[in-house]
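Values in this document were obtained by computation on a predicted structure and should not be read as measured data.
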Amino acid sequence: QVQLVESGGGSVQAGGSLTLSCVASDYTYDPCVGWFRQPPGKGREGIASIYTTSPRSVYDDSVKGRFTISLDKAKKTVYLQMNSLKPEDTAMYYCAAGSQSYWACSPHTTSTYTYWGQGTQVTVSS
């Protein structure tokens with residue numbers, strides 16, 4: 001059982017930045033970690049993923065160039081640096097972990113992630 005805890009959400013003006021953190025109890029058997037978000041009234045969407053044993057990052061086009069996913073192995077923490085935030089980035093943000101393979105680790109395969117955090121709210125005002 002992997003426990004994930006997100007933090008770092010908050011309210012920011014458009015153009016601002018936030019860094020989200022996802023601390024895991026253990027990534028050993030679930031090395032694929034993704035960040036997802038669910039805007040108000042909409043479904044959950046994947047935005048970024050990283051394979052923690054041999055870092056390879058994948059981004060959704062909606063955040064490419066603005067968001068960066070990174071890993072601190074010693075702290076068992078995956079970060080999501082979010083720059084140039086837009087009002088449409090307003091959502092509940094979740095991290096998730098799964099055991100999928102290196103090449104299968106993607107934010108676009110939501111159903112393959114086994115463990116999910118409780119989420120952290122990001123609100124971007126115009």
Asker: Pair up each side-chain donor or acceptor in residues 92-100 with any protein partner under 3.5 Å, not counting sequence neighbours, and list the distances.
Answerer:
{"from": "Tyr93", "atom 1": "OH", "to": "Arg37", "atom 2": "NH1", "distance (Å)": "3.0"}
{"from": "Tyr93", "atom 1": "OH", "to": "Asp89", "atom 2": "O", "distance (Å)": "2.6"}
{"from": "Gln100", "atom 1": "NE2", "to": "Thr112", "atom 2": "OG1", "distance (Å)": "2.9"}

Asker: Look at the side chain of Thr52 and the backbone N and O of Pro31, then say whether any donor-acceptor pair between them is shorter than 3.5 Å.
Answerer: yes
Asker: Could you work out, with side chain to side chain contact (heavy atoms under 4.5 Å, CB included) as the rule, every residue matching Lys64, not counting sequence neighbours?
Answerer: Tyr59, Asp61
Asker: Aromatic rings Phe36 and Trp116: how do their planes relate, parallel, tilted or perpendicular, breaks at 30° and 60°?
Answerer: tilted
Asker: Examine distances only and state if a side-chain atom of Thr90 and a backbone atom of Val124 form a donor-acceptor pair shorter than 3.5 Å.
Answerer: yes
Asker: Apart from Tyr29 itself, which Ile, Leu, Val, Met, Phe, Trp or Tyr residues share its cluster (side-chain heavy atoms under 4.5 Å, direct or through members)?
Answerer: none
Asker: So with a 6.0 Å cut-off around CD of Gln38, is the heavy-atom count from everything else above 12?
Answerer: yes
Asker: Apart from Tyr51 itself, what residues make up its hydrophobic cluster when side-chain heavy atoms of I, L, V, M, F, W and Y under 4.5 Å apart count as a link, directly or indirectly?
Answerer: Tyr102, Trp103
Asker: Shortest non-hydrogen contact from Ile47 to Ser62?
Answerer: CG2-OG, 4.4 Å
Asker: For Lys76, give me all partners under side chain to side chain contact (heavy atoms under 4.5 Å, CB included), at least two apart in sequence or on another chain.
Answerer: Tyr27
Asker: Cut-off 3.5 Å, no hydrogens considered: what does the side-chain donor-acceptor table look like for residues 14-24, sequence neighbours left out?
Answerer:
{"from": "Ser17", "atom 1": "OG", "to": "Asn83", "atom 2": "OD1", "distance (Å)": "3.0"}
{"from": "Thr19", "atom 1": "OG1", "to": "Gln81", "atom 2": "OE1", "distance (Å)": "2.4"}

Asker: For Ser49 and Ser106, work out which heavy atoms get closest and say how close.
Answerer: OG-CA, 3.4 Å
Asker: Under the rule for side chain to side chain contact (heavy atoms under 4.5 Å, CB included), what residues qualify as partners of Ser84, not counting sequence neighbours?
Answerer: Arg66
Asker: Would you please name every residue forming a side chain to side chain contact (heavy atoms under 4.5 Å, CB included) with Glu88, sequence neighbours left out?
Answerer: Lys86
Asker: Going by disulfide bond (SG atoms under 2.5 Å apart), name the pairs with one or both residues in residues 24-82, residues two or more places apart or in two chains.
Answerer: Cys32-Cys105
Asker: So which heavy atom on Glu6 is nearest to which on Gly119, and how close?
Answerer: OE1-N, 2.9 Å
Asker: Going by side-chain heavy atoms closer than 4.5 Å, which hydrophobic residues are tied to Val5, directly or by a chain of links?
Answerer: none
